[in-house]
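In what follows, a structure is listed as structure tokens, so that the remarks can point back to it.
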Amino acid sequence: MTMNYDCVIIGGGPAGLNAALVLGRARKNVMLIDEGQPRNQVTRESHGFLTRDGIKPSEFRRIAIEQIRAYPSVDFASDTAVSLTGSDGDFLITTAQGLRFQGKKVLFAVGKKDAPLDINGLAEVYGKSAFVCPYCDGWELRDQSLVVIVNGAKAFHFAKVISGWTSRFTICTNGPHGLSDAEREELQQHNVPLYDVPIRTIVSKEGQVQHVELEDGTQLPCTGIFFGPKLVIGSELPQSIGCAMTELGTVVVDNLGKTNVPGIYSAGDAASEMQQLIMAASLGALAGIAINSELLMENWEKASKQ
Ligand SMILES: Cc1cc2nc3c(=O)[nH]c(=O)nc-3n(C[C@H](O)[C@H](O)[C@H](O)COP(=O)(O)OP(=O)(O)OC[C@H]3O[C@@H](n4cnc5c(N)ncnc54)[C@H](O)[C@@H]3O)c2cc1C
């Protein structure tokens, strides 16, 4: 059996959930499919979302779903969307559990996910004392002794950014540093130590980093780590239906979240390099309004012709 919806949302992080809230309040029939692997699932607390600063990610999600359930036209499926076919007005989405949903519009809110962590010991500290974004977790590590694992032009940029939270940090490029002589000199002027020996392992206790150990035996004691993760899009469905992608693996959208494929929208981390909960939620809300508006205009025109 195929169930019909005005919009099928794939992904139930803040982007997909906020789109569902907007569309539910606009009395649209919505199916939100979510496999439940949000990008921040490794963290204990989320920061920077007004009224929700410091909240547990699972609690954030619980409140969101509770509020959306007040709108009876929104359905939820805990499942993975595995295929998408069709065209504007008549898309067919199938899931890993064999469900089939027809949607007039589709919103990809599939997020980004980390490529496998390739440093020994990093998985044990990720989200506990190792983080990726100083705006999300810098405050908690302020004035602490940090190791920043990043290389090339990013390392130079990251040094300037992290200096806003602590002056006690070391850059560790985990292999060739990729910095110019001028950049290295500038780091020296600012008393930023730079190590380019590969990392052997990160030593930690119950998620708390103790030190970063390099291949030559050097130990860099620290209480926190920032690193530059490698990201991939949360699902290959956008590419499979023909969505244009940037070289960073982000769906190309206009300022309302519309992709190049008619009827397909994308929002949140999947369609943005600004990766924050509140930004994902706001892009989801924006796409929700754009989808509703397109549906209303189409219905109006159809009725005018009858
Ligand atoms: C360690 C860490 C800490 C962070 N801390 C903060 C913080 O403190 N403050 C902050 O503002 N931001 C923080 N972020 C960033 C924040 O998590 C993201 O910006 C935000 O989650 C993006 O929301 P989203 O809805 O776009 O995607 P996500 O939250 O990643 O949700 C995408 C959802 O889509 C699902 N999905 C993907 N493909 C499919 C499919 N085919 N079928 C069904 N479901 C699918 C996924 O399983 C997931 O549940 C942090 C990120 C990390 C990695």
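Side chains are part of it too, since the values below use all heavy atoms of this structure and drop only hydrogens, waters and symmetry mates.
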* Considering residues at least two apart in sequence or located in another chain, which fulfil the salt bridge (Lys or Arg N to Asp or Glu O under 4.0 Å) criterion with Lys154? -> none
* To do: Tell me, please, which residues at least two apart from Glu66 pass salt bridge (Lys or Arg N to Asp or Glu O under 4.0 Å).
  =>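 Partners of Glu66 under the salt bridge (Lys or Arg N to Asp or Glu O under 4.0 Å) test: Arg62.
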* Parallel, tilted or perpendicular for Phe158 and Phe226, by the 30°/60° rule? -> tilted
Residue pairs fulfilling salt bridge (charged side-chain N to carboxylate O under 4.0 Å, His left out) with at least one residue in [range], sequence neighbours excluded:
range            : value
residues 196-219 : Arg200-Glu213, Arg200-Glu215
residues 127-149 : none
residues 283-306 : Lys105-Glu294, Lys105-Glu298, Lys258-Glu294

* **side-chain hydrogen bond (donor to acceptor under 3.5 Å, both in side chains) against Gln188, all qualifying residues, sequence neighbours excluded** => none
* Under the side-chain hydrogen bond (donor to acceptor under 3.5 Å, both in side chains) test, residues paired with Thr95 that sit two or more places apart ->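 Partners of Thr95 by the side-chain hydrogen bond (donor to acceptor under 3.5 Å, both in side chains) criterion, ordered by chain and then number, come out as Asp79.
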What distance do [X] atom [atom1] and [Y] atom [atom2] have between them, rounded to the nearest 0.5 Å?
X      : Y      : atom1 : atom2 : answer
Leu248 : Ser272 : CG    : OG    : 11.0 Å
Gln102 : Phe91  : CD    : CZ    : 10.0 Å
Ser167 : Asn191 : OG    : CG    : 9.5 Å

Residues forming a side-chain contact (heavy atoms from CB on, under 4.5 Å) with [X], sequence neighbours excluded:
X      : value
Ala244 : Val252, Asn260
Thr223 : Gln144, Gln208
Pro262 : Asp88

Flag side-chain contact, heavy atom, 4.5 Å: [X] against [Y]:
X      : Y      : answer
Arg52  : Ile63  : yes
Pro238 : Thr259 : no
Trp165 : Leu141 : no

* Show the numbers, then the answer: is there a side chain to side chain contact (heavy atoms under 4.5 Å, CB included) between Val147 and Ile202? => CA-CA 11 Å; Val147 168; Ile202 292 169; over 6 Å; no
* Asked: Passes side chain to side chain contact (heavy atoms under 4.5 Å, CB included), His177 versus Glu183? Steps please.
  -> CA-CA 11 Å; His177 54 68; Glu183 288 169 336; over 6 Å; no
* To do: Determine, step by step, whether Leu231 and Gln275 satisfy the side chain to side chain contact (heavy atoms under 4.5 Å, CB included) criterion, reporting the C-alpha distance in whole Å, the side-chain angles of both residues, the deciding distance to 0.1 Å, and the verdict.
  => CA-CA 11 Å; Leu231 295 179; Gln275 291 152 0; 3.4 Å; yes
* Which pairs with one or both residues in residues 16-37 pass side chain to side chain donor-acceptor pair (under 3.5 Å), sequence neighbours excluded? -> Arg25-Tyr71, Lys28-Asn292, Asp34-Arg61, Glu35-Thr80, Gln37-Gln41
* **Pairs satisfying side chain to side chain donor-acceptor pair (under 3.5 Å), at least one member in residues 228-239, at least two apart** =>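 Qualifying pairs, neighbours excluded: Asp118-Lys230.
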* Centroid separation Phe49 to Phe60 less than 6.0 Å ->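 Yes.
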